[in-house]
Protein chains: 2
Amino acid sequence: MDGQPGGSTNEDRQGESFVPNYLLYLLAAASEAASAQFHAHVRAQGVRVPEWRVLACLADRDGEMVTRLAGYALIEQSRLTKIIAQMDAKGWVTRRGDSQDRRRVRVFLTEAGRALAERLVQDARAHEAQLLAKLEGGDAARIKQALATLIDELGAAQHRTPGAEDFSNE
Amino acid sequence: MDGQPGGSTNEDRQGESFVPNYLLYLLAAASEAASAQFHAHVRAQGVRVPEWRVLACLADRDGEMVTRLAGYALIEQSRLTKIIAQMDAKGWVTRRGDSQDRRRVRVFLTEAGRALAERLVQDARAHEAQLLAKLEGGDAARIKQALATLIDELGAAQHRTPGAEDFSNE
DNA sequence: GGTCAATATATGAAATTTCATGTTTATGGC
DNA sequence: GCCATAAACATGAAATTTCATATATTGACC
């Protein structure tokens, strides 16, 4: 999955170089680094990462409609439609139209899908516990709280932050 | 770029649901949420996100070899080779073989490429400053430190963490 | 100097992703 | 009820990404 981070790892986090200390880079690199091992595990089970995301989301909220599932799983709608079709073919999920609103398509885990999802969620929990254990004590320990705050802060900002929409230095 | 996060935003960060409180999800969601606006800006300039990453890395370290550039930019090598070919076609970079080791290909910014890169880095700095300003005071303020720690912690772990390699609950 | 393993990059085919747009169904006036 | 507009999904073609593998060097060793 992508060039392993570590290409710059640390030495020049301070210097004049831009990238290694840039927030958006740190977020992307941290996400990749943290996910690499578990994503390898997921693929080793014959599940692709986006499929795992869908499984996890459905384990939380079975029968979700496609659009909301897309938002929840961080997958673009058009792409998700195709992924779901494949997961359907594999017998992990089924689709049923919503009787209230027939535009909607609700996605449900099959028995096999639920078993797979639950197994992987277990693994994910165990893996996460390992990661967190490794961070105990340091600044990184409160990282989940910090990330949650960041996400909420940004989510709210989707709707106008007066006088701060532009950041280009023309 | 992907389903906007916000599909779950906050309400159930506490409940019994797994995803909204899972570290790997928080990292991915935070990365996306934080990057969305700036990535839109980049694309509006006619630059794709992976290209922007390459430009930024080269602005830091011009003349880097492909493999290292891949690690630095978080892009898989094979993919990077193709991206660089396109950037070359656009006149943003040029490639020169390394005379010491003729397997290597070093990538350099052209004048146009450097101008573009520097402009975008300026924009990125400004945008980052805005983001950080929004977080002042809260837990999220020290997020860069936390992420850097996390990355280093994980990077080191690539080489054996005895007795902690397995996390599946068979 | 020759050989074998490793490193650096390129490449081609298959698969996935993207983007724009199509279809169907719901909603809010009028 | 009709119409215009929006929402929810699906779809097709183009572009990109992935994966396995090819090619060219370099290094190590005997």
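Reckoned from all heavy atoms, side chains included, excluding hydrogens, waters and symmetry mates.
Listed by chain and residue number, A:Ala140, B:Leu150, B:Glu153 satisfy the side chain to side chain contact (heavy atoms under 4.5 Å, CB included) test with A:Leu135 (two or more places apart in sequence, or in another chain).
A distance-only check finds no donor-acceptor pair linking the side chain of A:Gln145 to the backbone of A:Arg142 [under 3.5 Å]. Put simply, the side chain of A:Ser31 never gets that close to the backbone of A:Leu27: no donor and acceptor are under 3.5 Å apart.
Between A:Leu69 atom CG and D:dA7 atom P there is a gap of 19 Å when expressed in whole angstrom units. For the pair B:Asp98 CG and D:dA24 C1', the computed distance is 14 Å after rounding to whole Å. Rounded to an integer number of Å, the gap from A:His39 NE2 to D:dT18 P is 13 Å. Rounding to whole angstrom units, CD of residue A:Glu76 and C1' of C:dT18 are separated by 7 Å. Between A:Ile84 atom CD1 and D:dC9 atom P the separation is 9 Å, expressed in whole Å.
In this structure, A:Arg95 forms no cation-pi arrangement with A:Phe108, as its terminal cationic atom is not both closer than 6.0 Å to the ring centre and no more than 45° off the ring axis. A cation-pi geometry, defined here as NZ or CZ lying under 6.0 Å from the six-membered ring centre and within 45° of its normal, holds between A:Arg61 and A:Tyr72.
One end of the helix from C:dG1-D:dC30 to C:dC30-D:dG1 points its axis 30° away from the other end's axis, with each axis taken from 5 pairs and the angle rounded to 10°.
The distance from the CG atom of B:Asp123 to the NE2 atom of B:His41 is 3.5 Å, given to the nearest 0.5 Å. Separating the OG1 atom in B:Thr149 from the CD1 atom in A:Ile143 is a distance of 8.0 Å, to the nearest 0.5 Å.
The closest side-chain heavy-atom distance from A:Leu24 to B:Glu128 is not below 4.5 Å.
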- prompt: Just by protein heavy atoms under 4.0 Å, how would nucleotides 8-17 of chain C read 5' to 3' in B, S and -?
  reply: SBBBBB--SS
